[in-house]
Amino acid sequence: MSHHESHDTEVSHFIRDIIKEDLATGKHKSIATRFPPEPNGYLHIGHAKSICLNFGMAKEFSGTCNLRLDDTNPTKENTEYVESIKGDVRWLGFDWGDRLFFASDYFEKLYNYAEELIRMDKAYVCELSAEEIRAFRGTLTEPGKESPYRNRPTEESLDLFRRMRAGEFEDGKMVVRAKIDMSSPNITLRDPTIYRIRRAHHHRTGDTWCIYPMYDFAHCLSDALEGITHSLCTLEFENNRPLYEWFINQLDVPSHPRQIEFARLELTYTVMSKRKLLRLVEDGLVSGWDDPRMPTIAGMRRRGFTPAALRNFSERIGVAKRNSTVDVAMLEHALREDLNATTRRVMGVLDPIKVVIENYPEDAVEELDAPFHPEDESMGSRTLPFSRELYIERDDFMENPPKKFFRLSPGREVRLRYAYYITCKEVVKDEAGNIVELICTYDPESRGGTADGRKVKATLHWVSAKHAIRAEVRLYDRLFTTPAPEGDKEKDFTTFLNPDSLNVIEAYLEPSLASAAPEDRVQFERIGYFVADKIDMTSEKPVFNRIIGLRDTWARISSKEGA
RNA sequence: UGGGGCGUCGGCAAGUGGUAAGCCACCGGGUUUUGGUUCCGGUAUUCCUAGGUUCGAAUCCUAGCGCCUCAGCCA
């Protein structure tokens with residue numbers, strides 16, 4: 001973890017309290033958590049919250065956190081997903097050591113537990129069809145009816161279950177169900193299915209099984225087998241907790257974990273459901289799961305997010321039971337905060353306008369020294385070539401500036417960062433009236449950016465025209481235009497897609513950037529934070545992604561004044 | 001209309017009987033070779049509502065109201 005991480009924001013939350021209490025009372029000598037994703041998709045920022053919570057609690061209390069892939073449904077899972085999950089967790093900065101597990105590691109044990117349940121007359125093989133089971137289940141307000149197979153002899157169920165395993169029956173022919181209470185007001189307790197027949201190739205166990213355990217049965221037992229003390233999951237599993245406890249109480253298991261539920265993360269201006277994320281990818285609305293606009297960990301990584309920013313964010317949003325939607329500005333703040341501290345400052349001009357310094361020698365080139373970080377000398381410095389023709393940002397010049405505009409305009413003097421003071425003498429336009437060039441003069445006494453006490457109201461970034469390198473710059477913005485893209489029941493969330501979420505431009509950058517390595521992050525001074533694209537960056541054709549812009553007070557002032 | 005859960009500032013979120021932390025956002029102001037950073041200051045007489053208990057309640061009691069969740073051989 002980087003030394004930039006701030007721990008001063010650590011706040012109490014109910015899970016931390018429970019853990020402290022359990023340690024204080026001696027209920028547990030040490031704690032064990034786990035992050036249990038199903039390898040059927042890519043991880044997103046919601047998972048990041050869970051990862052940070054589980055690994056974070058383990059680290060904070062010197063416990064352990066297992067990475068467990070919950071692979072009980074072979075029709076949806078594959079190794080590509082397990083690899084991406086491992087990579088994402090590692091990138092976030094967490095280490096599971098030798099504690100990588102799979103629910104499928106326990107298939108044999110799970111099978112034996114199921115047999116045990118049948119022997120205890122706490123489970124039975126049911127031959128009702130899926131539709132019949134549904135019909136027998138009852139509704140929210142009416143109790144269910146018992147299956148006609150419910151009271152068949154234990155031996156018969158046991159025999160059938162063994163033959164299920166042996167592959168004697170076709171898929172869907174029968175299931176094994178826990179025998180609990182068909183009239184329970186909690187529907188998860190109405191004889192839930194715990195094993196089904198599913199002839200599918202499993203990514204790890206291959207074809208050795210044709211029956212697979214259900215989540216409710218497998219999860220609690222996996223936790224118990226691993227000695228998990230605190231099994232943290234999201235709110236929608238609250239209804240399943242009595243069932244979780246039922247299984248571990250019936251069976252002779254090595255430990256009794258406690259399930260604790262917390263609210264999943266929702267973020268403004270984004271969608272989080274796996275289904276909707278898949279839609280974006282499949283409909284080609286984004287370039288893939290790692291599109292820099294996606295809230296996936298892979299996407300955020302490619303966008304240039306830092307693991308520390310995500311960790312800090314997770315800590316700050318807290319953990320509670322209340323459903324809530326976090327303002328994405330909070331995430332952006334955590335991002336800028338980390339980037340500000342860790343990133344080198346360089347210069348690049350996104351939308352150039354040429355400046356010719358008429359009193360600067362025709363062929364002269366000077367090497368000017370410029371630090372990489374004004375507040376952190378340890379980052380060192382580089383030299384910048386300066387010459388007669390430069391580029392500055394189009395936004396930094398106005399022919400008829402409003403009162404509060406401090407930048408360059410006719411007759412006004414400004415500073416070129418780490419270079420000289422220049423004064424605009426003349427504006428050159430084309431036939432159409434577009435400004436194509438600015439004729440300026442410079443003050444040779446202001447080298448480095450200081451002149452005898454003379455103050456100037458603005459400092460502009462610039463690049464030397466003949467030394468600048470050209471690069472593709474991908475300007476990313478929020479994917480949606482509304483804080484709650486899922487909030488309108490009438491309209492599909494894709495109608496709120498931001499048409500300007502990506503703008504690709506060609507920019508002029510200072511030459512040092514040609515040697516940037518993929519995933520190197522920098523700040524283009526006065527503009528924002530950028531990252532050399534993980535996939536497409538090469539020194540021949542540099543590609544930078546905008547991670548996030550700097551806070552732009554001027555933009556707010558000017559739009560407020562209608563300037 | 002059964003069960004479970006949740007309601008504290010614009011958004012997160014502490015607080016669990018002693019008189020409303022913090023963060024984001026927002027608004028002022030200082031410093032500044034990034035209109036960045038940073039630093040100072042401001043921002044809930046009030047905790048879903050209504051009653052009640054108490055010297056004292058966001059915290060306890062009662063009754064309402066609102067929102068989330070559960071009827072996969074998904075997780």
Side-chain angles (χ1 to χ4, degrees), chain A residues 8-13 36-38 40 70 72-73 75-76 126 128-130 133-135 137-144 171-177 184-190 192-198 211-212 214-216 218-219 233-242 261 263 268 274 315-334 336-337 340-341 345 347 370-371 373-375 404-407 415-419 421 446 448-450 456-461 483 523-528 549-558:
Chain A
D8 53 340
T9 52
E10 182 179 294
V11 91
S12 82
H13 62 240
E38 180 187 13
N40 72 339
D70 208 346
T72 57
N73 184 356
T75 62
K76 295 185 173 178
C126 179
L128 250 26
S129 68
I133 287 182
R134 189 184 330 117
R137 189 151 28 224
T139 69
L140 295 179
T141 52
E142 310 155 42
D171 289 15
K173 197 72 183 165
M174 55 188 72
V175 297
V176 2
R177 294 223 257 166
S184 170
N186 180 340
I187 291 175
T188 65
L189 261 18
R190 319 241 265 229
T193 299
I194 64 174
Y195 261 95
R196 77 285 213 184
I197 305 173
R198 190 94 81 249
I211 57 172
Y212 293 94
M214 297 284 289
Y215 166 84
D216 284 307
H219 199 90
C233 64
T234 45
L235 251 29
E236 66 272 24
F237 292 103
E238 207 152 22
N239 296 313
N240 303 49
R241 192 171 66 227
E261 312 83 14
T268 56
K274 203 171 276 184
E315 180 65 32
R316 272 179 211 168
I317 56 175
V319 180
K321 298 200 69 153
R322 179 192 337 176
N323 289 314
S324 61
T325 303
V326 175
D327 191 336
V328 76
M330 188 104 82
L331 211 211
E332 296 173 343
H333 172 81
R336 287 195 183 100
E337 178 182 55
N340 176 53
R345 269 108 245 244
M347 292 198 282
H373 192 125
E375 279 102 38
K404 291 180 177 169
F405 185 84
F406 303 152
R407 283 110 94 146
R415 171 168 40 231
L416 292 181
R417 177 145 245 220
Y418 303 130
Y421 280 17
S446 62
T450 41
V456 89
K457 295 190 86 168
T459 298
L460 311 186
H461 60 279
Q523 180 195 102
F524 289 175
E525 291 212 48
R526 303 209 306 133
I527 300 177
L550 253 27
R551 273 183 73 234
D552 192 348
T553 307
W554 165 242
R556 274 185 292 152
I557 294 171
S558 60

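In what follows, chains are A, B, ... by sequence order, proteins preceding strands, each numbered from 1.
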Quiz item: What string of B, S and - do you get for nucleotides 69-75 of chain B 5' to 3' if you count protein non-hydrogen atoms under 4.0 Å?
Solution: SBBSBSB
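Annotation: of the two residues near RNA chain B, A/T141 and A/T459, the 5′-most nearest-nucleotide partner is A/T141.
Atom P of nucleotide B/A14 and atom CD1 of A/I317 are separated by 11 Å, given to the nearest angstrom. Whole-Å rounding puts the A/N323 CG to B/C67 P distance at 13 Å. One interatomic measurement links the two molecules: CZ of A/R526 to C1' of B/G35, which rounds to 8 Å at whole-angstrom precision. Regarding A/R241, its CZ atom lies at a distance of 13 Å from the C1' atom of B/G3, rounded to whole Å. To the nearest angstrom, P of B/U37 lies 10 Å from CG of A/D552. At whole-Å resolution of the value, CD in A/E315 and C1' in B/G22 are 12 Å apart.
The side-chain hydrogen bond (donor to acceptor under 3.5 Å, both in side chains) search around A/R415 returns A/Y421, A/T459, not counting sequence neighbours. Every ring pair (Phe, Tyr, Trp, His ring centres under 6.0 Å) that A/Y215 has, sequence neighbours left out, goes to A/H219, A/F237. Take A/R345 and apply the salt bridge (charged side-chain N to carboxylate O under 4.0 Å, His left out) test, not counting sequence neighbours, and it matches no residue. For A/R198, the side-chain hydrogen bond (donor to acceptor under 3.5 Å, both in side chains) test picks out no residue, with sequence neighbours left out. Scanning for side-chain hydrogen bond (donor to acceptor under 3.5 Å, both in side chains) contacts around A/S324 gives an empty result, with sequence neighbours left out. With sequence neighbours left out, the side-chain hydrogen bond (donor to acceptor under 3.5 Å, both in side chains) criterion links A/N323 to no other residue. For A/H461, there are no ring pair (Phe, Tyr, Trp, His ring centres under 6.0 Å) partners, not counting sequence neighbours. Applying the salt bridge (charged side-chain N to carboxylate O under 4.0 Å, His left out) test to A/K76 and every residue at least two apart in sequence or in another chain returns nothing.
Residue A/K457 is out of contact with every strand shown, counting any heavy-atom pair closer than 4.0 Å. Within 4.0 Å of A/V319, counting heavy atoms only, lie sugar-phosphate atoms of the nucleic acid but no base atom. Among the heavy atoms of the strands, none lies under 4.0 Å from A/E261. Counting non-hydrogen atoms under 4.0 angstrom, A/Y421 reaches nothing in the nucleic acid. Note on A/P143: nothing from the nucleic acid sits closer than 4.0 angstrom, heavy atoms only. A/E375 comes within contact range of at least one nucleobase, with a heavy-atom separation under 4.0 Å.
For A/F405 and A/W554, the distance between ring centers is under 6.0 angstrom.
Between B/G22 and A/R316, no contact under 4.0 Å exists linking OP1 or OP2 to a side-chain N or O. For A/R336, no side-chain nitrogen or oxygen approaches OP1 or OP2 of B/G36 to under 4.0 Å. Residue A/S12 places at least one side-chain N or O under 4.0 Å from the OP1 or OP2 atom of B/G15. At least one side-chain nitrogen or oxygen of A/H333 sits closer than 4.0 Å to the OP1 or OP2 atom of B/C24. Checking the phosphate oxygens (OP1, OP2) of B/G36, a side-chain nitrogen or oxygen of A/T553 falls inside 4.0 Å.
For the residue pair A/N73 / A/T75, a side-chain donor-acceptor distance below 3.5 Å is found, with atom types taken as modelled.
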Contact list (N/O, under 3.5 angstrom) for nucleotides 8-11 of chain B vs protein:
unit_1 : atom_1 : unit_2 : atom_2 : d
B/U8   : OP2    : A/R322 : NE     : 3.3
B/U8   : OP2    : A/R322 : NH1    : 2.5
B/U8   : O4     : A/R322 : NH2    : 3.4
B/G11  : O3'    : A/T325 : O      : 3.4
B/G11  : O2'    : A/T325 : O      : 2.9
B/G11  : O2'    : A/D327 : N      : 3.4

Pairwise N/O distances under 3.5 Å, protein to nucleotides 27-32 of chain B:
unit_1 : atom_1 : unit_2 : atom_2 : d
B/C27  : OP2    : A/R556 : NH1    : 3.1

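In summary, A/E337 and A/R316 engage in a salt bridge, as defined by a charged side-chain N under 4.0 Å from a carboxylate O.
Only the P atoms considered, B/C65 is 29 Å distant from B/G56, to the nearest whole Å. Of the C1' atoms belonging to B/G11 and B/U53, the separation is 35 Å, rounded to the nearest Å.
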Exercise. Return one dot-bracket line describing RNA chain B 5' to 3' (Watson-Crick or G-U wobble pairs, both distances under 3.5 Å; ( ) same strand, [ ] crossing, | another strand, . none).
Key: .(((((((.[[[..)..(...]]].(((((.......))))).....[[[[[..)....]]]]])))))).....
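Note: A/L235 CG to A/R322 CZ = 12.0 Å, rounded to the nearest 0.5 Å.
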